[in-house]
Amino acid sequence: MSKYSRLALSTTCAGFGILLGRYYERNNGQYRDTSIENLGKSSLTANDFFKDNESFGKNQAPISDTVRSFLPVSTVYASTQISRPPNRLQEILTFGVPSFDPLRPFENHVVLYDRRNRVPHWVFEHLKKEHVEKNDKVDRKSSDFTEDQAIHPFFRSTNADYKRSGYDRGHMAAASNHRHSQKAMDDTFCLSNIAPQVGKGFNRDVWNDLEKYVRALARKHRNVYVCTGPLYLPRLEPDGKVYIKYEVIGKNNVSVPTHFFKVIVMETDKGEFEMNSFVIPNQSFPENTPLKNFLVPVETIERASGFLLFDGVPKHRLKTINGKKV
DNA sequence: TTTACTGT
């Protein structure tokens, strides 16, 4: 070990000591982010950040995609092409790496929470007949909207934010998709699964129709996978320029999405797949507005949301998209 | 039916 390396190592270790202290302090609070691996931590330590590549820090070491995506291009280039002192990046990030929104796993759905907007990025569900069937033992009326204690208070939406806002607390994973278990239904009332929706003409009507359609599919198919979330779409304003404009509500400035999307993947008994994807503006529609009016290519949703959706569905077994053979 | 609100 060179003199320089020893110096760097000791400096870095001292830094990690401080970091670990801070980390544990932050996570003793009730708002600890519980999630898979590192994804939910409010901020990562440099140690967390680099641990997924043991060889990182050696010359010519490959960088994992996870780390690479967070580094400036020049740094990535330097790390792969040019000799440099080890652990320099850990040193730069000594006091934490603010990154990653929290992934929130629940009993029967998963939420990627958007700290900035105080609503979900997306919510995934896997639905079978038994999840959506009528069940007298599970009662929606015994579920209450609850704030998500796992989200840091700076970023947590509250019932007070929604009260008298004019908007419904709209479920992303619908409550009635989880009728097999009171706990699973209660989970959907956690505010990390909720976004502001226009009530009359949207949440209670056309959006509700879409949710009923999903349950009908779940009764007919072996497996149904659903991804639901908000969108903030750009619009041409009178000055001739394009803006993304949306209202925020409550003391926490909870974002009111301009649109919502839902992508549905069905698996047939043959093991083939069908996909339908919808985008509906967050506004009132007349009764009995047909859902087919809102079918859009999934690529539209991907480009607007920043997420590739159902990218892992085997292409050769995907037989129809939005009702058309592919 | 299922989605929720406000006001008591």
Side-chain angles (χ1 to χ4, degrees), chain A residues 106 108-109 111 118-120 122-125 127-148 157-220 224 226-231 246-252 254-264 276 278-294:
Chain A
F106 292 89
N108 207 41
H109 70 282
V111 176
R118 284 87 177 175
V119 295
W122 51 246
V123 177
F124 269 84
E125 297 165 277
L127 301 175
K128 295 176 80 74
K129 193 177 176 183
E130 58 260 36
H131 297 126
V132 303
E133 271 175 342
K134 290 223 186 318
N135 179 359
D136 292 340
K137 292 174 187 168
V138 176
D139 184 4
R140 179 192 180 95
K141 283 179 182 154
S142 69
S143 301
D144 295 314
F145 287 100
T146 54
E147 295 163 14
D148 190 341
S157 68
T158 66
N159 284 310
D161 292 324
Y162 285 86
K163 191 154 192 169
R164 295 175 174 277
S165 68
Y167 293 95
D168 281 7
R169 291 168 289 187
H171 286 69
M172 299 294 99
S176 287
N177 292 356
H178 305 271
R179 284 193 273 218
H180 63 295
S181 143
Q182 187 68 54
K183 174 66 166 62
M185 181 174 284
D186 290 350
D187 279 356
T188 69
F189 283 76
C190 181
L191 289 184
S192 54
N193 178 49
I194 300 296
Q197 290 185 324
V198 169
K200 197 171 186 302
F202 184 81
N203 182 37
R204 306 172 200 180
D205 295 284
V206 67
W207 187 255
N208 189 21
D209 291 343
L210 181 54
E211 292 176 339
K212 289 180 191 169
Y213 170 65
V214 168
R215 286 193 285 277
L217 295 174
R219 288 185 203 104
K220 285 177 190 165
V224 171
V226 190
C227 178
T228 309
L231 293 174
Y246 51 92
E247 184 182 352
V248 293
I249 58 171
K251 285 184 179 170
N252 294 305
V254 177
S255 295
V256 180
T258 63
H259 295 68
F260 289 90
F261 71 85
K262 195 180 283 291
V263 183
I264 308 161
N276 288 337
F278 299 86
V279 171
I280 310 185
N282 189 15
Q283 61 190 53
S284 186
F285 287 90
E287 268 187 72
N288 301 318
T289 300
L291 290 175
K292 65 175 168 54
N293 293 6
F294 304 106

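Residue numbers begin at 1 in each chain, while the letters A, B, ... track the order of the sequences.
OP1 or OP2 of B:dT1 has not a single side-chain nitrogen or oxygen of A:Ser176 nearer than 4.0 Å.
Between A:Ile280 and A:Phe285 the shortest side-chain heavy-atom distance falls below 4.5 Å. A heavy-atom distance below 4.5 Å is not found between the side chains of A:Tyr162 and A:Phe145. Between A:Ile194 and A:His171 the shortest side-chain heavy-atom distance falls below 4.5 Å.
Of the N and O atoms on the side chains of A:Asn282 and A:Tyr246, not one donor lies less than 3.5 Å from an acceptor on the other residue.
When rounded to the nearest whole Å, the span between CZ of A:Phe189 and P of B:dT3 equals 7 Å. Between A:Glu287 atom CD and B:dT1 atom P there is a gap of 15 Å when expressed in whole angstrom units. Computed from coordinates, the A:Asn159 CG to B:dT6 C1' distance equals 15 Å when rounded to whole Å. A:Asn288 places its CG atom 15 Å from the C1' atom of B:dT3, with the value rounded to the nearest Å. Distance, A:Lys141 NZ to B:dT2 P: 11 Å, rounded to whole Å. In this structure, the CG atom of A:Asp144 is 16 Å from the C1' atom of B:dT3, given to the nearest Å. If you measure from atom CZ of A:Arg179 to atom C1' of B:dT3, you get 12 Å, rounded to the nearest angstrom. Taking atom OH of residue A:Tyr167 and atom C1' of nucleotide B:dT3, one finds them 17 Å apart after rounding to whole Å.
Nucleic acid contact class of A:Lys134 (heavy atoms, under 4.0 Å, all strands): sugar-phosphate only.
If you check B:dC5, B:dG7, B:dT1 against the side chain of A:Arg169, the one that comes closest is B:dC5. Ranking B:dG7, B:dT3, B:dC5 by closeness to the A:Asp168 side chain, first place goes to B:dC5. Taking every side-chain heavy atom of A:Phe145 into account, B:dC5 is the closest of B:dC5, B:dT3, B:dT2.
Residues from residues 193-217 of chain A lying near DNA chain B, meaning a heavy-atom separation below 4.0 Å, are A:Asn203, A:Arg204, A:Asn208, A:Glu211, A:Lys212, A:Arg215 in numerical order.
Here the rule is side chain to side chain donor-acceptor pair (under 3.5 Å) with A:Asp168, and of A:Lys200, A:Gln197, A:Arg204 only A:Arg204 fits it.
Between A:His178 and A:His180, the ring-plane angle classifies as tilted under the 30° and 60° cut-offs.
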Query - Criterion side chain to side chain contact (heavy atoms under 4.5 Å, CB included) on A:Met172 and A:Val111, from CA distance to verdict - result: CA-CA 9 Å; A:Met172 299 294 99; A:Val111 176; over 6 Å; no

